[in-house]
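Numbers here are sequence positions counted from 1. In listed order, ligands and their atoms are each counted from 1.
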Amino acid sequence: MTQDELKKQVAAAALQYLKNVPVIGMGTGSTVTHLINQLADCDFKHDIEAAVSSSIKTTEHLQSIGIKVLELNQSGDLEVYVDGADEVTPHRKMLKGGGGALTREKIIAGASKKFVCIVDESKCVDVMGKFPLPVEVLPLSRSFVARQLAKLGGTPELRMNKDSGQPYITDNGCEILDVYNLSIVDPVGMEQSINNIPGVITNGLFAMRDADVVLVGKGSEVITY
Ligand code: 5RP
């Protein structure tokens, strides 16, 4: 199976976690795109009263299949949040934000009782950091934060919008530094250290609030841990 087929497979396995949940939390990315497409055709779609979304892209997709989107301020805490990841460890720590939605993802994850992480098998790692770690920053703090990230051993690069050639701007009006060459042996410590740099909005380590369930699409089966 291709990577995209594995994403589709694991998305299908996540549907069961959304049954009988009135207000669902929805992440961002291509795996979640498959999940929303499958939700559009599933028999319990009309039982879902609303969703809380982690990005403008996901909001538009949910609305296009007829699911109402609420702000987190309106919904209160959520039962379930489903999202993908760029890397995930056997301890259910994740590196996220390849799609640029890390801040809203982390807020909704923090407000959810159960985080269901859905990945294809290529995302499973023992030590995170091969995938560059996204750090969302206030634009005016970009250079300062980059210097601090270099002191932590990383090589930060400003994320660019490939079409415009301008810096990539998040849904929150901020910029992203993608940090290469980090070997993240202490994900909780690294998450806290980066959060403590003034000007950082969020970093893509989901270690303090990790996943409760990880589903991995492997082709022959979907494993759960
Ligand atoms: C977006 C994310 C995504 O969950 C992550 O990048 C995985 O994306 P995909 O499902 O496309 O592989 O964190 O900010």
Colleague: Is the charged tip of K106 near the ring of F206: under 6.0 Å from the six-membered ring centre and within 45° of its axis?
Modeller: yes

Colleague: For residues 73-87, which residue pairs qualify under salt bridge (Lys or Arg N to Asp or Glu O under 4.0 Å), counting only residues two or more places apart or in two chains?
Modeller: E79-K113, D83-K96

Colleague: Do any pairs count as a side-chain hydrogen bond (donor to acceptor under 3.5 Å, both in side chains) and have a residue in residues 202-216, sequence neighbours left out, and if so which ones?
Modeller: K93-D210, T103-T202, N195-N203, R209-D212

Colleague: Without placing hydrogens or testing angles, list every side-chain donor-acceptor pair under 3.5 Å for residues 26-33, not counting sequence neighbours.
Modeller:
unit_1: T28; atom_1: OG1; unit_2: S54; atom_2: OG; d: 2.6
unit_1: T28; atom_1: OG1; unit_2: S55; atom_2: OG; d: 2.8
unit_1: T28; atom_1: OG1; unit_2: T58; atom_2: OG1; d: 3.3
unit_1: S30; atom_1: OG; unit_2: K7; atom_2: NZ; d: 2.9
unit_1: T33; atom_1: OG1; unit_2: G29; atom_2: O; d: 2.9

Colleague: For ligand 1, what are the residues with a heavy-atom contact below 4.0 Å?
Modeller: K7, T28, G29, S30, T31, D83, G84, A85, D86, K96, G97, G98, G99, G100, A101, E105, K123

Colleague: If you apply the rule side chain to side chain contact (heavy atoms under 4.5 Å, CB included), what do you find for V179 with L152, and how did you get there?
Modeller: CA-CA 10 Å; V179 190; L152 293 176; over 6 Å; no

Colleague: Counting heavy atoms not belonging to K114, are there more than 12 under 6.0 Å from its NZ?
Modeller: no

